[in-house]
Amino acid sequence: MPAWQRALSDRVAADVVLAWILAAVTYLVVAIDAPAAIRMAIGGSALFVLPGYVLVAVLFPHRGPVAAPGRLSSLRGLDRVTARERMALSFGLSLAFLPVLGIGIALSPWGFSEAAIVGGLVTFVAVGGLIAALVRRRLPPQDRFRIPLATWAGELRAALLDGSPGERTVNALVIASVVLALLTVGGALAMPQDGQTFTNFAVLTENDDGQLIAGDYPSELGPNGSASLVTAVENHEQETINYTVVVTVERNASADASDRTVELDRYSASVDPGERWSHRHAFQPTISGSQLRVHYYLYRGGAPADADAATAYRHLYFWLSAPSGDA
């Protein structure tokens, strides 16, 4: 290792800094909505390497021993791993970490979205890398792990340039297949598929404890009575959506009445991916009857003048009785 590289490694955990940089670049390409090919390449590499690498950096801060021929590592120190073992463990621990990351994101308030995945990855790498750098700093400089760039470059050059043409071809194909597998599978995890996009829509009431529940809807309102309900919209569409909610009341038993359906309320809001929009509103039926149906229509974008189930993105309703109050 050159003297300048050794001096820099003694002061800075260069591999941890590189992990931070790659995590920051991953966040940047997602934030600016870079082309899919770039997001796949960077996101796949980050997901399959960075989480496991910072874990290995925390667990194994020492320099690795020189492996004896035919052996994975020296038995003199179980707290030391070679560079090859470090990369293999990074890949394996990253695979083990991904399900944990997915469960944590699914249970979080932000929901399962591309932004949440990248945010969780960046947070884990930042905190794990900081811990790894602090642990390594406590070791003597000569015992700290350093990136063996010269050794890796020499081995790669030998694999691609030395040996017979057949051996060089096989080595190149193996390297290319590994890189392609990382990019393809990692990109699939980094960018949720269209089939995973959806919107949760609910009409809620407030119980005696002040909790919002999907039930106990008003079944009857007296003359001039009103009800207060809450609509909740959760955006899992992987993009910002402008939602519109239209509330109508329908008299089910008067087929030819001009006031069979009346719009009661209409409101809208822009909701970011993974966010939840709750809106409390009060309504008072302007028509009476023993079989009224209150409809809630959710639209992505604007809503037509006459909202109905055929044009709505989501549709909910409940039954209500509202006597006229005539003696």
Side-chain angles (χ1 to χ4, degrees), residues 27-28 30-34 39 102 104-120 122-123 190-207 209-218 221 225-250 261-287 292-320 322:
Y27 181 84
L28 180 62
V30 172
I32 66 175
D33 197 19
R39 294 159 70 186
I105 291 174
L107 296 177
S108 71
W110 301 282
F112 199 83
S113 65
E114 184 178 354
I117 293 174
V118 176
V122 171
T123 301
M191 295 181 291
Q193 301 299 310
D194 291 341
Q196 296 174 314
T197 61
F198 61 95
T199 295
N200 282 335
F201 181 44
V203 178
L204 309 173
T205 61
E206 187 173 332
N207 63 14
D209 297 328
Q211 297 179 334
L212 295 177
I213 60 173
D216 292 339
Y217 301 111
L221 292 178
S226 64
S228 177
L229 298 174
V230 175
T231 53
V233 178
E234 291 184 1
N235 180 4
H236 299 281
E237 304 286 352
Q238 318 303 333
E239 61 178 342
T240 300
I241 301 291
N242 184 52
Y243 292 102
T244 300
V245 177
V246 180
V247 185
T248 68
V249 61
E250 174 189 13
T261 300
V262 177
E263 182 174 314
L264 300 177
D265 203 354
R266 179 183 294 240
Y267 44 90
S268 61
S270 180
V271 185
D272 292 330
E275 295 295 323
R276 176 188 174 100
W277 168 44
S278 297
H279 179 85
R280 183 182 296 273
H281 81 111
F283 72 88
Q284 181 179 8
T286 55
I287 57 177
L292 300 182
R293 188 158 53 175
V294 181
H295 297 270
Y296 284 80
Y297 301 108
L298 177 68
Y299 289 85
R300 295 196 298 178
D306 297 321
D308 57 29
T311 59
Y313 180 53
R314 295 286 187 268
H315 172 222
L316 301 171
Y317 67 89
F318 64 89
W319 293 97
L320 177 69

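In this chain, residues are counted from 1 in sequence order.
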For the residue pair [X] and [Y], what are the closest heavy atoms and their distance?
X	Y	value
L221	P285	CD1-CD, 3.7 Å
Q238	P273	C-CG, 3.9 Å
Y297	T248	CE1-OG1, 3.5 Å

Determine whether the aromatic ring centres of Y296 and H281 lie less than 6.0 Å apart. yes
In Å, rounded to the nearest 0.5 Å, how long is the span from [atom1] of [X] to [atom2] of [Y]?
X	Y	atom1	atom2	value
L204	T231	CG	OG1	8.0 Å
L264	I287	CG	CD1	8.0 Å
L320	R293	CG	CZ	12.5 Å
R266	T244	CZ	OG1	7.5 Å
N235	F198	CG	CZ	9.5 Å
N207	I213	CG	CD1	5.0 Å

I want to check a possible cation-pi pair here: R300 against Y313, using under 6.0 Å from ring centre and within 45° of the ring axis as the test. yes
With a 4.5 Å cut-off on side-chain heavy atoms, are [Y] and [X] touching?
X	Y	value
V233	L298	yes
L212	R280	yes
Y267	D265	yes
V249	F283	no
Y243	H279	no
P304	V246	no

Name the orientation class of the two ring planes belonging to H295 and Y317 (parallel below 30°, tilted from 30 to 60°, perpendicular beyond 60°).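 Rings of H295 and Y317: tilted, as their planes differ by 30° to 60°.
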Between D209 and Q211 (side chain of the first, backbone of the second, donor and acceptor by atom type, cut-off under 3.5 Å), is there such a pair? no
Is there a donor-acceptor pair under 3.5 Å between the side chain of T123 and the backbone N or O of G120?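 Absent.
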If we count only N and O atoms by modelled type, under 3.5 Å, do the side chains of T240 and D272 hold a donor and an acceptor together? yes
Using side-chain contact (heavy atoms from CB on, under 4.5 Å), reason through F318 and T205 one step at a time and then give a plain yes or no. CA-CA 12 Å; F318 64 89; T205 61; over 6 Å; no
